[in-house]
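Each remark here refers to the structure printed beneath this line.
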Amino acid sequence: MTLVPTKEGALIARRSAELSATTDVASRPEYAGRKATKTIAGQSADGWFAEDFSLAEIATLTAREPDPAAHPQNARLDGKEPVLSLHDVLEIARAGCVRTGRIIGVCPRLMTPTRFSDLGLDVIGRLADELNTEGYVAPAAAVWVQAFEPEALSAFGRLSRVRRMLLVDAGAPDTAARTTSAGLGEIKQVAEAIGPDQSLLIDPAAAAFPAPTTLALDAHNAGLAVFSRTARAQNAALPPALRRGDAHSAGYPNGRGDVGKLLVALFSDGVDGVATDLPADAARARGQVMSALRRAHDRAQ
């Protein structure tokens, strides 16, 4: 769950600060004058930005699916659901715990906190304050705070004791150094886990699938938990060996591939968890791997 701030600094759950892809703001005539051009991460972006709206104004918007071709089941809900604040998400998680008798956690992600700080919006401090107020105050709390920037996690760690996860982008220039033994040791100073792209855990270009790397083992040896990003069923999101269907058909990129095999490979590689919108598939794959490990253990006795 990516967090972005409103004008007064309230945190809302949106994919990015630009709202037109994930809400109906572009169709709302009363907000036509809010359209702006801004520079984000060195790139010019046009649209409607969360920091230009109050929380009350955000509450008048409805959510929409930004990629309906890939997620048609979500697109059916366009215009029917509100934009959630961090408080809303935490309430939903707690209600789910009561309803199911299970621990349901939340993974809030800090996105470009330096940009918001330059706008006078302290998203790191706001997140820490809100989690503290909501009772998430210990490492055992069902929260993992995520960020791509070690500096953001270090700053957050001075304000809160909940666990932190450094996200690792396969395409980032510092990833090769960050995933060495020395780099993982440095991460351990600011985080309790890493969230690497799945291509850093299983080589998608290998001739045979799966071809696990040593990253999960190396991270565990450094004292870090490992949570893979992000397992999706669409062919376009899967390694070539797991794609299914006619590659020349128009629907091929969004066709369903063998995501179950990917999930089994990730859990077999030793990851502690997987980010996915396919929880039933992930639970099934984890169960298969755990059963296989138990059988192997029993045979070894």
Side-chain angles (χ1 to χ4, degrees), residues 1-17 22 50-51 53-59 61 63 81-114 116-117 120-167 187-195 223-227 229-230 271-277 279 282-283 286:
M1 168 185 71
T2 300
L3 296 174
V4 296
T6 63
K7 182 187 297 185
E8 68 269 52
L11 299 177
I12 61 172
R14 284 295 85 191
R15 186 174 179 174
S16 76
T22 62
E51 65 266 22
F53 290 78
S54 69
L55 182 60
E57 290 170 331
I58 292 290
L61 304 177
E81 298 292 337
V83 175
L84 300 178
S85 68
L86 173 60
H87 174 74
D88 295 331
V89 173
L90 295 175
E91 280 200 331
I92 290 169
R94 284 194 292 263
C97 293
V98 173
R99 185 178 66 255
T100 66
R102 298 165 49 204
I103 296 174
I104 298 176
V106 177
C107 293
R109 179 188 303 177
L110 293 164
M111 185 65 73
T112 60
T114 301
F116 294 123
S117 178
L121 298 169
D122 180 13
V123 294
I124 294 174
R126 182 70 177 241
L127 175 58
D129 288 346
E130 191 151 350
L131 290 176
N132 288 335
T133 299
E134 298 277 359
Y136 296 87
V137 295
V143 171
W144 286 93
V145 169
Q146 305 174 327
F148 285 100
E149 303 88 352
E151 300 80 10
L153 293 181
S154 179
F156 178 82
R158 292 191 286 272
L159 304 173
S160 171
R161 297 177 61 226
V162 305
R163 292 169 294 182
R164 298 160 292 171
M165 182 189 308
L166 184 72
L167 301 175
I187 292 173
K188 187 67 174 71
Q189 304 307 307
V190 299
E192 290 74 38
I194 58 171
L224 294 163
V226 181
F227 296 87
R229 305 171 60 218
T230 297
V271 301
D272 300 281
V274 176
T276 184
D277 56 1
R286 182 184 59 185

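What you see is a predicted model; the values in this text were computed from it and never measured.
- Between the CG atom of Leu153 and the CD atom of Gln189 there is a distance of 13.0 Å, given to the nearest 0.5 Å.
- Closest approach of Val4 to Ser16, counting heavy atoms only: CG1-C, 3.8 Å.
- The line from OG of Ser154 to CD of Glu151 is 8.0 Å long, rounded to the nearest 0.5 Å.
- Put simply, the side chain of Thr100 gets close to the backbone of Gly96: a donor and an acceptor are under 3.5 Å apart.
- A donor-acceptor contact shorter than 3.5 Å is absent between the side chain of Asp129 and the backbone of Arg126.
- Formation of a donor-acceptor pair under 3.5 Å by the Asp272 side chain with backbone atoms of Phe227 is not found in this model.
- Within the 4.5 Å cutoff, the side chain of Leu224 has no heavy atoms near those of the Leu166 side chain.
- Across Glu51 and Phe116, no two heavy atoms sit closer than the pair OE1-CE2, 3.9 Å.
- No donor-acceptor contact under 3.5 angstrom links the side chains of Glu130 and His87, judged on distance only.
- Heavy atoms only, all atoms of each residue included: Val162 and Val137 are closest at CG1-N, 4.3 Å.
- Heavy atoms only, all atoms of each residue included: Ala142 and Ile104 are closest at CB-O, 4.1 Å.
- Taking CG of Leu86 as the reference point, atom CD of Glu91 lies at 10.5 Å (rounded to 0.5 Å).
- With contacts defined as side-chain heavy-atom distances shorter than 4.5 Å, the pair Val123/Met111 does not qualify.
- Side-chain atoms of Arg15 and Thr2, non-hydrogen and from C-beta on, never get closer than 4.5 Å to each other.
- Judged purely by atom type and a 3.5 angstrom limit, Arg14 uses its side chain to pair as donor or acceptor with the backbone of Thr22.
- Closest heavy-atom contact between Leu167 and Arg229: CD2-CD, 3.9 Å.
- For Ile194 against Met165, the heavy-atom pair with the smallest separation is C-CG, 3.7 Å.
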Worked verdict on Glu149 versus Leu110 for side chain to side chain contact (heavy atoms under 4.5 Å, CB included) = CA-CA 9 Å; Glu149 303 88 352; Leu110 293 164; 5.6 Å; no
task = Would you check, one step at a time, whether the test side chain to side chain contact (heavy atoms under 4.5 Å, CB included) holds for Phe53 with Thr6?
result = CA-CA 6 Å; Phe53 290 78; Thr6 63; 5.7 Å; no
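- Expressed to the nearest 0.5 Å, how far CD of Glu57 lies from NZ of Lys7 amounts to 5.5 Å.
- Between atom OG of residue Ser85 and atom CD1 of residue Ile58 there is a gap of 11.0 Å, rounded to the nearest 0.5 Å.
- In this structure, Val143 and Pro108 have side chains that are in contact, with non-hydrogen atoms separated by less than 4.5 Å.
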Intermediate values then yes/no, side chain to side chain contact (heavy atoms under 4.5 Å, CB included), Leu159 and Ile124 = CA-CA 9 Å; Leu159 304 173; Ile124 294 174; 4.2 Å; yes
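- Panel note: side chain Thr276, backbone Pro279; no donor-acceptor pair is recorded below 3.5 Å.
- A distance-only check finds a donor-acceptor pair linking the side chain of Arg163 to the backbone of Pro139 [under 3.5 Å].
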key: Full working for side chain to side chain contact (heavy atoms under 4.5 Å, CB included) between Leu131 and Leu90   = CA-CA 9 Å; Leu131 290 176; Leu90 295 175; 4.2 Å; yes
